[in-house]
Amino acid sequence: MDALETMTDEELQVLFKEAPFSENLLEPGTTVLDLCRKANAIPDGPRGYQVITDGGIWINHIRVTKPEQVLVLGQHILTNGLSLLRVGKKNYHIVKWLS
């Protein structure tokens with residue numbers, strides 16, 4: 001995770017060249033479910049919710065299983081303002097947070 005924090009968004013895009021990249025406004029109370037939906041990483045409705053509760057989501061290489069968990073700076077959002085979202089085994093999404 002330390003290596004991710006030192007990378008720029010351009011470097012992450014090169015490293016994960018197949019990964020979709022999005023910029024999102026960070027609002028107080030943003031949850032894991034909000035992140036996944038804003039990144040279009042999960043299906044809408046109950047199926048998307050289930051992907052999270054079944055353990056199919058990793059944020060910055062840490063598995064998350066609580067859709068309503070509020071994102072925490074330093075854990076879900078790196079100090080460089082990025083989040084690396086993984087869905088399943090190899091579907092990555094890079095999210096740059098705007099404040």
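Residues Pro67 and Thr53 have side chains in contact (heavy-atom distance under 4.5 Å, counting atoms from C-beta outward). Within the 4.5 Å cutoff, the side chain of Glu68 has heavy atoms near those of the Tyr49 side chain. Side-chain contact between Phe21 and Val95: absent, with no pair of heavy atoms (C-beta onward) separated by less than 4.5 Å. Counting only heavy atoms from C-beta outward, the side chains of Thr65 and Ile52 never approach each other to under 4.5 Å. Side-chain contact check for Lys90 versus Glu18: every heavy-atom pair is 4.5 Å or farther apart. Proximity of Ile57 to Val51: side-chain heavy atoms (C-beta onward) are separated by under 4.5 Å at one or more points.
Between the CD1 atom of Ile94 and the NZ atom of Lys17 there is a distance of 12.0 Å, given to the nearest 0.5 Å. Between the CG atom of Leu12 and the OG1 atom of Thr8 there is a distance of 7.0 Å, given to the nearest 0.5 Å. Between Ile42 atom CD1 and His93 atom NE2 the span is 10.0 Å, to the nearest 0.5 Å. For the atom pair Lys38 NZ and Leu33 CG, the distance stands at 10.5 Å (nearest 0.5 Å). Residue Glu10 holds its CD atom at 6.5 Å from NZ of Lys96, rounded to the nearest 0.5 Å.
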Pair Arg37-Asp44, side chain to side chain contact (heavy atoms under 4.5 Å, CB included): steps then yes or no: CA-CA 7 Å; Arg37 293 245 164 96; Asp44 287 331; 3.9 Å; yes
Audit row: Leu26, Thr30, side chain to side chain contact (heavy atoms under 4.5 Å, CB included) steps and yes/no: CA-CA 7 Å; Leu26 180 59; Thr30 301; 4.1 Å; yes
Criterion side chain to side chain contact (heavy atoms under 4.5 Å, CB included) on Ile59 and Val32, from CA distance to verdict: CA-CA 9 Å; Ile59 301 174; Val32 170; 4.2 Å; yes
Derivation and outcome, side chain to side chain contact (heavy atoms under 4.5 Å, CB included), residues Val14 and Glu11: CA-CA 5 Å; Val14 169; Glu11 291 171 329; 5.7 Å; no
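Grouping the Ile, Leu, Val, Met, Phe, Trp and Tyr side chains by contacts below 4.5 angstrom, directly or via other members, places Leu85 with Leu73. Put simply, Tyr92 and Leu15 are part of the same group of oily side chains (I, L, V, M, F, W, Y) that touch within less than 4.5 Å, one to the next. Residue Leu4 is not grouped with residue Trp58 when hydrophobic side chains (ILVMFWY) are merged at heavy-atom distances under 4.5 angstrom, including chains of intermediate members.
When all heavy atoms of Asn24 and Ser22 are compared, the pair lying nearest together is ND2-OG, 3.6 Å. In terms of heavy atoms, Arg86 sits closest to Lys89 at NE-O, 3.6 Å.
Side-chain N or O atoms of Asn60 include none that pairs as donor or acceptor with a backbone N or O of Ser83 at under 3.5 Å. A donor-acceptor contact shorter than 3.5 Å links the side chain of Asn80 to the backbone of Leu82.
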